[in-house]
Amino acid sequence: MDISGAIDMAQGFANRNVEAAKLSATISQVKKHMDLQQSIVAKLLASLPDVSPEGVGGNIDIKA
């Protein structure tokens with residue numbers, strides 16, 4: 001393998017690492033956003049008089 005090939009390979013690995021870091025950061029932000037949404041919905045449902053707080057926090061099936 002010549003030097004140019006080795007440099008290209010190293011750049012490919014570096015690009016993959018950057019893309020993996022971007023993906024990881026995006027997933028982390030999405031998870032935080034989803035956790036916030038779940039918390040808000042749980043608090044809203046728990047504040048309603050006809051909703052038991054014990055049933056809040058799992059999967060909620062709301063149909064309009």
Side-chain angles (χ1 to χ4, degrees):
M1 175 182 295
D2 61 350
I3 292 175
S4 176
I7 290 173
D8 289 343
M9 186 181 297
Q11 285 177 335
F13 288 140
N15 289 341
R16 284 186 195 163
N17 287 341
V18 168
E19 292 303 316
K22 287 180 184 178
L23 180 60
S24 178
T26 300
I27 289 171
S28 176
Q29 289 296 325
V30 169
K31 184 180 180 327
K32 287 178 186 176
H33 184 72
M34 290 175 66
D35 290 345
L36 175 63
Q37 285 180 330
Q38 180 181 3
S39 173
I40 290 170
V41 169
K43 287 178 183 179
L44 175 65
L45 290 176
S47 72
L48 298 174
D50 293 342
V51 176
S52 169
E54 292 82 32
V56 176
N59 291 336
I60 301 169
D61 184 20
I62 301 174
K63 296 182 181 177

Students should find that the hydrophobic cluster of L44, defined by side-chain heavy atoms under 4.5 Å apart, otherwise consists of none
Validation: residues 23-37 side-chain donor-acceptor distances under 3.5 Å, sequence neighbours left out:
from	atom 1	to	atom 2	distance (Å)
T26	OG1	K22	O	2.9
K31	NZ	D35	OD2	2.9
H33	NE2	Q37	NE2	3.2

Only pairs under 3.5 Å count here: list side-chain donor-acceptor contacts from residues 6-21, not counting sequence neighbours, and write none if there are none.
from	atom 1	to	atom 2	distance (Å)
N15	ND2	Q11	O	3.3

